[in-house]
Trainee: 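I am attaching a structure below and will ask some questions about it afterwards.
Quantities reported herein were computed from a predicted structural model and do not represent experimental measurements. Count residues from 1 along the sequence.
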Amino acid sequence: MTTGWSAPVTGTDPHDSLRVLLGRLDELLEDRGLAREDVLKPDELSAATGLTAREVRALLGGRRPREPETEESIRNRVAFLYARRHGGEDGKKASITGEVAARLGVSRVWARQLLHGEKCPNVRHLKALSTYFGVPVAFFTDSAADALARELGPVLGELESDPLAELMEEFGIREVHARAGGSLLTRRQRERLAAIIRFHLALDGEGPRP
């Protein structure tokens, strides 16, 4: 079974792709008896994407927040990462500025302007910044919808994984009749059943087959 989320095809509206992804997430969450609020935290998604929590909520609600020009978006996300890294500590600000200046081969003054969102990095600088901050280059250049979809992809992949199928493969089980009252088991029921089967196999001394 294919899991996770593929990058949208070039030319596809990112908001259409995000809408499809969210629709699939809602189906899987319902199957697990969960609500979006149980899994998708706007503040955490904001920290992971460089978007504001307000923008994240708008996108999750199917709305289109204002999309800045690419250069403005890049400058904003550099400043976002800088603020997250220093956390308001003056000592860290100076240290980060010096480290970035050395990484990029620029003056401390230029590095300070860059980190404050006053300058826009070139392609070479973006690659160096992505390495320094530990983010993909796409973090700086993605549209808001693509940025959110990038972070939701792993969530979708985890929800799409089938605990019973994984158990069957691990222990060489050929078949499990996963039905309850004539209907297919929900994700939560499949997880519980997999845990029960795994527990009893362990009691019987069974292990994964080579």
Trainee: Shared ILVMFWY cluster between Val155 and Phe139, side chains joined below 4.5 angstrom?
Mentor: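 In one cluster: no.
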
Trainee: If we ignore hydrogens and angles and just use 3.5 Å, is the side chain of Arg77 paired with the main-chain N or O of Asp142 as donor and acceptor?
Mentor: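 Yes: the side chain of Arg77 pairs with the backbone of Asp142.
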
Trainee: I need the Leu126 CG to Thr131 OG1 distance, nearest 0.5 Å.
Mentor: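 Interatomic distance, Leu126 CG to Thr131 OG1, rounded to 0.5 Å: 10.5 Å.
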
Trainee: Does Leu51 belong to the same Ile/Leu/Val/Met/Phe/Trp/Tyr cluster as Val78, with side-chain heavy atoms less than 4.5 Å apart forming each link?
Mentor: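 In one cluster: no.
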
Trainee: Search all heavy atoms of Phe133 against all heavy atoms of Arg85 and return the closest pair with its distance.
Mentor: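 Smallest heavy-atom distance, with atoms named: CA-NH2, 3.5 Å.
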
Trainee: Mind checking the CG-NZ spacing from Asp90 to Lys92? Nearest 0.5 Å is all I need.
Mentor: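 Rounded to the nearest 0.5 Å, the CG-NZ separation comes to 12.0 Å.
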
Trainee: Kindly compute the distance separating CG (Leu104) from CG (Asn122), expressed to the nearest 0.5 Å.
Mentor: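 CG of Asn122 is found 7.5 Å from CG of Leu104.
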
Trainee: For residues 96-113, which residue pairs pass the side-chain hydrogen bond (donor to acceptor under 3.5 Å, both in side chains) check, not counting sequence neighbours?
Mentor: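 Qualifying pairs, neighbours excluded: Ser95-Glu99, Glu99-Tyr132.
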
Trainee: Name all residues meeting the side chain to side chain contact (heavy atoms under 4.5 Å, CB included) criterion together with Ala48; count only those two or more places apart in sequence or in a different chain, and write none if there are none.
Mentor: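 Side chain to side chain contact (heavy atoms under 4.5 Å, CB included) check on Ala48 returns Glu151.
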
Trainee: Scan residues 35-55 for pairs that pass side-chain hydrogen bond (donor to acceptor under 3.5 Å, both in side chains), counting only residues two or more places apart or in two chains.
Mentor: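 Qualifying pairs: Asp26-Arg36, Thr52-Glu55.
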
Trainee: Measure across Leu21 and Ala149 and return the closest heavy-atom pair with its distance rounded to 0.1 Å.
Mentor: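 Minimum heavy-atom contact is CD1-O, 3.9 Å.
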
Trainee: Using the side chain to side chain donor-acceptor pair (under 3.5 Å) criterion, which residues pair with Arg64? Sequence neighbours excluded.
Mentor: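 Arg64 satisfies side chain to side chain donor-acceptor pair (under 3.5 Å) with Asp13 only.
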
Trainee: Let me know which of Leu59, Leu60, Leu156 forms a side-chain contact (heavy atoms from CB on, under 4.5 Å) with Leu22.
Mentor: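 Filter result, single survivor: Leu60.
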
Trainee: Are any side-chain N or O atoms of Arg57 and backbone N or O atoms of Pro42, one a donor and one an acceptor, separated by less than 3.5 Å?
Mentor: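 Absent.
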
Trainee: Partners of Glu67 by side chain to side chain contact (heavy atoms under 4.5 Å, CB included), sequence neighbours excluded?
Mentor: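 Glu67 satisfies side chain to side chain contact (heavy atoms under 4.5 Å, CB included) with His15, Ser143, Ala144 once adjacent residues are dropped.
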
Trainee: How close do Pro68 and Arg66 get, counting heavy atoms only, and between which atoms?
Mentor: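 For Pro68 versus Arg66, the nearest heavy atoms are CD-O, 3.4 Å.
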
Trainee: With sequence neighbours left out, what residues match Arg75 under side chain to side chain contact (heavy atoms under 4.5 Å, CB included)?
Mentor: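 By the side chain to side chain contact (heavy atoms under 4.5 Å, CB included) rule, Arg75 matches Glu71, Glu72, Cys120.
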
Trainee: As a test of understanding, state which of Leu114, Val137, Val135 forms a side-chain contact (heavy atoms from CB on, under 4.5 Å) with Leu129.
Mentor: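 Option passing the side-chain contact (heavy atoms from CB on, under 4.5 Å) with Leu129: Leu114.
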
